[in-house]
Amino acid sequence: MSTRQYSPLGQLVLARLREFFRQPEVVFWVYGFPILLVVALGMAFRNKPVEHIAVSVQNGQYTQPVAEALSANARFQVQRCDADACRLRLRTGRTDLVVIAEAGPHYQYSYDPTRAESVMARSAVDDALQRAAGRKDIASTNDKELAEPGARYIDFLVPGLLGMGLMGGGLWGVGFVIVDMRIRKLLKRFIATPMKKYQFLAGIMFSRFLFMIPEIVILLLFAWLVFGVRVQGSIFAVMFFVFLGAFTFAGIGLLVASRANTVETVSGLMNLVMLPMWIASGIFFSSDRFPAGVQPLIKILPLTPLINALRAVILEGTSLVQLWPQIVVLSIWGVVTFALALRWFRWM
């Protein structure tokens with residue numbers, strides 16, 4: 001009578017799937033939380049007209065004509081106040097610009113050059129006052145407003161959330177699971193089984209891939225149905241970078257968890273790894289905002305090429321061939337971290 005042989009890799013993946021779906025709270029954080037994040041940020045940064053510009057006009061002999069000229073434009077919310085009150089309103093951010101009218105006519109503008117709202121207010125107010133004084137534009141112009149999918153903040157955000165989900169899933173969904181098994185003495189029991197080290201690590205990574213596929217599909221489908229986010233490029237290219245990113249961060253998660261023995265240790269290491277990418281890799285805003293001196297360091301962080309590649313495919317329709325630098329960086333991170341994890345991993 002023959003004995004049935006079980007695949008260690010298959011059995012470990014099956015066990016991980018059963019364990020995952022028996023925990024509703026874990027299912028929510030993997031599949032539900034990204035949807036809530038898209039809804040909240042999509043509503044907060046939805047397309048809407050430019051808000052009113054708050055302008056304070058300092059009281060004086062020539063205040064009345066300035067206040068009347070600005071009040072005629074619905075864009076401006078005009079507030080008349082004395083010098084100290086105007087300065088306080090500007091310092092506390094309750095007004096974007098302070099206008100001081102003098103003889104001539106001559107206008108003095110007080111504003112914060114580090115605030116984009118103040119700089120824009122200065123330009124808009126000056127244009128309105130110059131027109132009220134009789135200025136005429138020599139060249140004729142017309143405006144063409146862009147309000148199509150691909151140019152909105154939600155279009156920019158979705159690829160960043162995909163990358164963030166892959167990073168979090170690779171580190172917490174792989175690294176934390178291994179440390180939890182080590183704490184519960186499960187890894188110690190695996191020593192007595194025929195399962196090899198590489199089979200165990202591959203099983204953890206492969207099970208993470210299975211969790212990831214519905215996560216990506218649900219997020220993209222929801223963004224398309226609710227916000228009209230469209231994939232301009234190839235779906236195959238998107239899935240290629242999804243799997244490459246999942247492999248890369250799973251390797252990093254394995255490396256972080258290869259020797260950690262406590263929850264505190266692995267949590268600290270993961271936060272140390274994730275924090276620079278959370279801030280600098282362009283999840284919620286472009287990484288180009290950082291100074292040029294740190295750009296080389298930002299570009300080699302694994303999340304940066306992943307998000308840039310996803311945005312290039314989803315928003316611009318860029319092909320895989322054109323994104324070979326990002327593929328090389330991610331592949332190096334994935335291969336090197338998995339090899340080091342395989343070498344340094346300990347069961348106990």
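Keep in mind the model is a prediction, meaning the values are calculated, not measured.
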side-chain contact (heavy atoms from CB on, under 4.5 Å) assessment of Ile53 paired with Met120: CA-CA 9 Å; Ile53 298 174; Met120 293 174 59; 5.9 Å; no
Trace of the side-chain contact (heavy atoms from CB on, under 4.5 Å) decision for Leu166 with Phe243: CA-CA 9 Å; Leu166 293 171; Phe243 278 99; over 6 Å; no
Leu269/Thr265 under side-chain contact (heavy atoms from CB on, under 4.5 Å): CA gap, chis, key distance, verdict: CA-CA 6 Å; Leu269 290 174; Thr265 300; 4.0 Å; yes
Trace of the side-chain contact (heavy atoms from CB on, under 4.5 Å) decision for Arg94 with Leu88: CA-CA 8 Å; Arg94 287 181 291 171; Leu88 178 63; 3.7 Å; yes
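In this structure, Ile300 is not a member of the same hydrophobic cluster as Phe249, with clusters built from ILVMFWY side-chain heavy atoms closer than 4.5 Å. Placement of Val66 and Leu90 in two distinct hydrophobic clusters is found when ILVMFWY residues are connected by side-chain heavy-atom separations under 4.5 Å, directly or transitively. Residues Trp324 and Phe236 fall into different hydrophobic clusters, defined by Ile, Leu, Val, Met, Phe, Trp and Tyr side chains chained together at heavy-atom separations under 4.5 Å. Following chains of ILVMFWY side-chain contacts shorter than 4.5 Å, one cannot reach Val336 starting from Leu306, and the two form parts of different hydrophobic clusters. Put simply, Val328 and Val335 are part of two different groups of oily side chains (I, L, V, M, F, W, Y) that touch within less than 4.5 Å, one to the next.
Here the side chain of Asp127 pairs no donor or acceptor atom with the backbone of Ser123 at under 3.5 angstrom. Proximity of a side-chain donor or acceptor of Thr95 to a complementary backbone N or O of Ala54 within less than 3.5 Å is detected. Without hydrogens or angle criteria, Asp155 side chain to Val229 main chain gives no donor-acceptor distance under 3.5 Å. When atom types are taken as modelled, the side chain of Thr63 and the backbone of Gly60 share a donor-acceptor pair closer than 3.5 angstrom.
Side chains of Val99 and Tyr111 form no contact here, defined as non-hydrogen atoms less than 4.5 Å apart. A 4.5 Å side-chain heavy-atom check between Gln295 and Asp288 finds at least one atom pair inside the cut-off. Inter-residue side-chain proximity for Thr318 and Arg311 is flagged as unmet; no heavy-atom pair is nearer than 4.5 Å. Residues Ile218 and Ile35 meet the side-chain proximity criterion, which asks for heavy atoms closer than 4.5 Å. Side-chain contact between Leu320 and Phe241 is present, with heavy atoms from C-beta onward closer than 4.5 Å. Ile100 has its side chain out of reach of Tyr107: every pair of non-hydrogen atoms, C-beta onward, lies at least 4.5 Å apart. Counting heavy atoms from C-beta on, the side chains of Phe240 and Val313 never come closer than 4.5 Å. In this structure the side chain of Val256 never reaches within 4.5 angstrom of the side chain of Leu272, judged on heavy atoms.
What you find for Ser287 and Ile298 is that their closest heavy atoms are CB-CG2, 3.9 Å. Arg89 and Ser56 make their closest contact through NE-OG, 3.1 Å (heavy atoms, listed as atom of the first residue, atom of the second, distance). The shortest heavy-atom contact between Pro113 and Val119 is O-CG2, 3.7 Å. The minimum heavy-atom distance between Leu301 and Pro276, with the atom names listed, is CD1-O, 4.1 Å. Taking both residues in full, the closest heavy atoms of Thr304 and Ser281 are given as OG1-OG, 2.9 Å, listed atom of the first, atom of the second, then distance. Contact between Phe76 and Ala124 at its shortest, heavy atoms only, is CZ-O, 3.7 Å.
The CG atom of Leu310 lies 11.0 Å from the CG atom of Leu161; values are rounded to the nearest 0.5 Å. Note that OH of Tyr109 and CG of Asp126 are 3.5 Å apart. Values are rounded to the nearest 0.5 Å. Atom CE of Met167 is separated from atom CD1 of Ile283 by 4.5 Å, given to the nearest 0.5 angstrom. Here the CD1 atom belonging to Ile332 is positioned 12.0 Å from the CD1 atom belonging to Ile327, to the nearest 0.5 angstrom. Distance check, rounded to the nearest 0.5 Å: CG of Leu255 to CG of Leu342 gives 11.5 Å. Going from atom CD of Gln326 over to atom CG of Leu244 covers 10.5 Å, rounded to the nearest 0.5 Å.
Each of Leu225, Leu220, Val226 was compared with Phe222 under the side-chain contact (heavy atoms from CB on, under 4.5 Å) criterion, and only Val226 meets it. Just one residue in the list Leu171, Leu340, Thr337, Ile178 forms a side-chain contact (heavy atoms from CB on, under 4.5 Å) with Leu254, and that residue is Ile178.
The environment of Trp172 atom CH2 is dense: over 12 non-hydrogen atoms of other residues, nucleotides or ligands sit within 6.0 angstrom.
Ring geometry for Phe284 versus Trp278: interplanar angle of 30 to 60°, hence tilted.
A donor and an acceptor atom, one from each side chain of Gln58 and Arg87, are nowhere located under 3.5 Å apart.
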